[in-house]
Amino acid sequence: MNSSDSLPLAVVIGNAVRSLSAAGTDDDHAAELMHRLVDAACACIPDTDMCGVTVELNGAPFAAATSSATVSAIDLEQYDADSGPCLHAARECETVLVDCEAGDARWPEFGNTARAAGIAAMMCTPVRVGDRTIGSLTLFAHTPHSFDDLDRQVLSTLVGAVSDALERDDQHRDLSTTVDGLRDAMAHRAPIEQAKGILMALRGIDDAAAFEVLSTESQRTNRRLRDIAREFVSSVTDVAPAEMTGARPT
């Protein structure tokens with residue numbers, strides 16, 4: 001398990017669900033939501049070594065969040081073949097377990113990249129918004145037969161919190177716009193990650209707290225979070241660290 005052994009699993013899951021449920025609903029917040037989902041799944045489900053989220057609408061899949069470059073390579077193999085367990089989970093709206101060592105006749109072109117990376121087991125579950133499925137979350141494990149019904153239940157709880165948050169966004173705009181916005185946010189995420197890293201170093205806070213600083217400033221000024229982050233990163237070279245410690249990004 002990748003979470004702290006000092007915390008009971010129920011507490012870890014509860015904290016993860018609250019964090020997912022509290023995320024905002026614009027494009028940049030939706031991208032952060034996907035990354036929190038990946039982190040939460042890795043923390044809450046034992047034997048999970050890697051995790052990734054695929055989003056697909058109208059036949060155009062893309063990686064919304066991954067915990068490692070290895071996940072990206074495995075996902076890309078599926079996208080190129082237009083076949084594989086993560087796409088199956090999204091398109092058929094069902095959770096699937098995969099034995100990567102034995103292979104699976106359902107997806108004959110899938111598996112080489114996963115096996116080369118030492119992946120033995122996968123579990124893919126759909127991500128829904130209202131009555132539509134927009135993608136899937138996949139867990140990867142180096143240990144064979146790592147996932148069971150309890151893991152499926154935990155994963156369902158985490159994905160449910162994300163689905164609720166995305167559905168709140170869908171109430172304000174159509175789903176295609178939401179997905180297009182998420183894709184755009186992923187392409188412009190670098191400044192946000194840089195700004196979070198700087199805030200974490202300067203203030204001694206964690207990733208979630210750093211994002212909250214940026215989010216609060218975005219809401220206060222009614223400007224996009226990525227623009228707040230980009231300006232903050234640019235300002236660092238002109239402001240002494242001692243002055244930055246207590247300052248809000250502007």
*Asks:* Using the rule that Ile, Leu, Val, Met, Phe, Trp and Tyr join whenever any side-chain heavy atoms are under 4.5 Å apart, tell me whether L87 and V38 fall into a single cluster.
*Replies:*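 Per the 4.5 Å side-chain linkage, L87 and V38 are not co-clustered.
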*Asks:* If you compare all heavy atoms of C51 against all heavy atoms of A41, which two are closest, and at what distance to 0.1 Å?
*Replies:*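 That closest heavy-atom pairing would be SG-CB, 3.8 Å.
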*Asks:* Just so I know, are the side chains of S83 and Q78 near enough to count as touching, which here means a heavy-atom distance under 4.5 Å?
*Replies:*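 No. Closest side-chain heavy atoms not under 4.5 Å.
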*Asks:* Could you list the residues that satisfy salt bridge (charged side-chain N to carboxylate O under 4.0 Å, His left out) with D39, not counting sequence neighbours?
*Replies:*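 Counting only residues at least two positions away or on another chain, D39 forms no salt bridge (charged side-chain N to carboxylate O under 4.0 Å, His left out).
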*Asks:* Can you tell me which residue pairs pass the salt bridge (Lys or Arg N to Asp or Glu O under 4.0 Å) test with a partner in residues 54-71, sequence neighbours excluded?
*Replies:*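 Sorted pair list: E56-R91.
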*Asks:* Between L225 and S215, which heavy-atom pair has the shortest distance, and what is it?
*Replies:*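 Shortest heavy-atom contact: CD1-CA, 3.8 Å.
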*Asks:* Partners of D151 by side chain to side chain donor-acceptor pair (under 3.5 Å), sequence neighbours excluded?
*Replies:*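 Once residues adjacent in sequence are excluded, D151 has no partner under the side chain to side chain donor-acceptor pair (under 3.5 Å) criterion.
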*Asks:* For S163 and V159, indicate whether the former's side chain and the latter's backbone hold a donor-acceptor pair under 3.5 Å.
*Replies:*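 Confirmed, S163 side chain pairs with V159 backbone.
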*Asks:* Given M123 and V96, is the side chain to side chain contact (heavy atoms under 4.5 Å, CB included) satisfied, shown in steps?
*Replies:* CA-CA 6 Å; M123 180 164 66; V96 295; over 6 Å; no
*Asks:* Under a 4.5 Å cut-off applied to non-hydrogen side-chain atoms, are F140 and D49 in contact?
*Replies:*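 Sidechains of D49 and F140: no contact.
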*Asks:* Side chains of D104 and D99: does their closest heavy-atom pair fall under 4.5 Å?
*Replies:*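 They are not in contact (no side-chain heavy atoms under 4.5 Å apart), so the answer is no.
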*Asks:* I need the L139 CG to C42 SG distance, nearest 0.5 Å.
*Replies:*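 It is 7.5 Å, given to the nearest 0.5 Å.
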*Asks:* Testing the basics here: between A141 and F147, what is the closest heavy-atom pair and its distance to 0.1 Å?
*Replies:*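 That closest heavy-atom pairing would be CB-CZ, 3.7 Å.
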*Asks:* R224: what forms a salt bridge (charged side-chain N to carboxylate O under 4.0 Å, His left out) with it, not counting sequence neighbours?
*Replies:*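 Partners of R224 under the salt bridge (charged side-chain N to carboxylate O under 4.0 Å, His left out) test: D227.
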*Asks:* Does one hydrophobic cluster hold both V53 and Y79, with members joined at side-chain heavy-atom distances below 4.5 Å?
*Replies:*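 Different hydrophobic clusters.
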*Asks:* Any chance CD of E94 has more than 12 other-residue heavy atoms, nucleotides or ligands included, within less than 6.0 Å?
*Replies:*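 Correct, the count exceeds 12.
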*Asks:* Under the side chain to side chain contact (heavy atoms under 4.5 Å, CB included) rule, what do S146 and T143 come out as? Steps first, then yes or no, please.
*Replies:* CA-CA 6 Å; S146 289; T143 304; 3.3 Å; yes
*Asks:* Working to the nearest 0.5 Å, report the span between NE2 of H29 and CE of M34.
*Replies:*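 These two atoms lie 14.0 Å from each other.
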*Asks:* If I take atom CE from residue M122 and atom OG1 from residue T48, how far apart are they, to the nearest 0.5 angstrom?
*Replies:*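 Separation between the atoms: 12.0 Å.
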*Asks:* List for me each residue that meets ring pair (Phe, Tyr, Trp, His ring centres under 6.0 Å) alongside H88, sequence neighbours excluded, and say none if there are none.
*Replies:*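 Result, ring pair (Phe, Tyr, Trp, His ring centres under 6.0 Å) vs H88: W107.
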*Asks:* Using the side-chain hydrogen bond (donor to acceptor under 3.5 Å, both in side chains) rule, collect all pairs that involve residues 119-140, keeping only residues at least two apart or in two chains.
*Replies:*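 Qualifying pairs: T95-T125, R128-T133.
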*Asks:* Taking side chain to side chain contact (heavy atoms under 4.5 Å, CB included) as the definition, give me every residue that meets it alongside A209, ordered by chain and number, with sequence neighbours left out.
*Replies:*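 A209 satisfies side chain to side chain contact (heavy atoms under 4.5 Å, CB included) with I205, D206 once adjacent residues are dropped.
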*Asks:* Within the side chain of S235, is there an N or O that forms a donor-acceptor pair under 3.5 Å with the backbone of F232?
*Replies:*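 Side chain of S235 to backbone of F232: a pair is present.
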*Asks:* Hey, is the main chain of G118 close enough, under 3.5 Å, to the side chain of H142 for a donor-acceptor pair?
*Replies:*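 Here the side-chain-to-backbone pair exists.
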*Asks:* Any side-chain to backbone donor/acceptor pair from S156 onto R152? Under 3.5 Å, distance only.
*Replies:*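 No; judged by distance alone, with no hydrogens or angles, the pair does not exist.
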*Asks:* Give the minimum heavy-atom separation between A195 and L214, together with the two atoms involved.
*Replies:*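 Nearest pair, atom of A195 first, then L214: CB-CD1, 3.8 Å.
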*Asks:* Considering all heavy atoms of both residues, which atom of C86 and which atom of T54 are nearest to each other, and what is their separation?
*Replies:*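 That closest heavy-atom pairing would be SG-OG1, 3.7 Å.
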*Asks:* Applying side chain to side chain contact (heavy atoms under 4.5 Å, CB included) to L158 and L37, what does each step give before you reach the verdict?
*Replies:* CA-CA 7 Å; L158 297 176; L37 175 58; 4.0 Å; yes
*Asks:* With heavy-atom distances below 4.5 Å as the criterion, would you say the side chains of F211 and M200 are in contact?
*Replies:*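 A side-chain contact under 4.5 Å is absent here.
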*Asks:* Side chain of T157, backbone of Q153: donor and acceptor closer than 3.5 Å?
*Replies:*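 Yes, T157 side chain to Q153 backbone: donor-acceptor pair under 3.5 Å.
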*Asks:* Please report the C-alpha distance between H35 and M186 in whole Å, then the side-chain angles of each, then the deciding distance to 0.1 Å, and finally whether the side chain to side chain contact (heavy atoms under 4.5 Å, CB included) criterion is met.
*Replies:* CA-CA 10 Å; H35 282 268; M186 294 304 301; 3.5 Å; yes
*Asks:* Just to verify, what does T216 make a side chain to side chain donor-acceptor pair (under 3.5 Å) with, not counting sequence neighbours?
*Replies:*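 Result, side chain to side chain donor-acceptor pair (under 3.5 Å) vs T216: E212.
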*Asks:* Could I get the full list of side chain to side chain donor-acceptor pair (under 3.5 Å) partners for N112, not counting sequence neighbours?
*Replies:*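 Testing N112 for side chain to side chain donor-acceptor pair (under 3.5 Å), a comparison that skips the adjacent residues, returns R115.
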*Asks:* Taking A185's backbone N and O only, do any of them form a donor-acceptor pair with D27's side chain (distance below 3.5 Å, no angle check)?
*Replies:*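 Checked: no pair found.
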*Asks:* Rounded to the nearest 0.5 Å, what separates atom CD1 in I119 from atom OG1 in T113?
*Replies:*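 Here the rounded value is 11.0 Å.
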*Asks:* Taking only residues two or more places apart in sequence or in another chain, which ones pass salt bridge (charged side-chain N to carboxylate O under 4.0 Å, His left out) with E77?
*Replies:*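 With neighbours one apart ignored, the set is empty.
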*Asks:* Taking salt bridge (Lys or Arg N to Asp or Glu O under 4.0 Å) as the cut-off, I'd like each qualifying pair that reaches into residues 185-197, sequence neighbours left out, listed once.
*Replies:*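 Only E32-R189, E32-K196, R189-E193, E193-K196, K196-D207 qualify under salt bridge (Lys or Arg N to Asp or Glu O under 4.0 Å).
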*Asks:* Where do P85 and V98 come nearest, in terms of heavy atoms and distance?
*Replies:*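 Result for this residue pair: CB-CG2, 3.6 Å.
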*Asks:* So do the side chains of R183 and V55 get within less than 4.5 Å of each other, counting heavy atoms only?
*Replies:*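 They are not in side-chain contact.
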*Asks:* Name all residues meeting the side chain to side chain contact (heavy atoms under 4.5 Å, CB included) criterion together with S68; count only those two or more places apart in sequence or in a different chain, and write none if there are none.
*Replies:*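 S68 satisfies side chain to side chain contact (heavy atoms under 4.5 Å, CB included) with M50, T70, V71 once adjacent residues are dropped.
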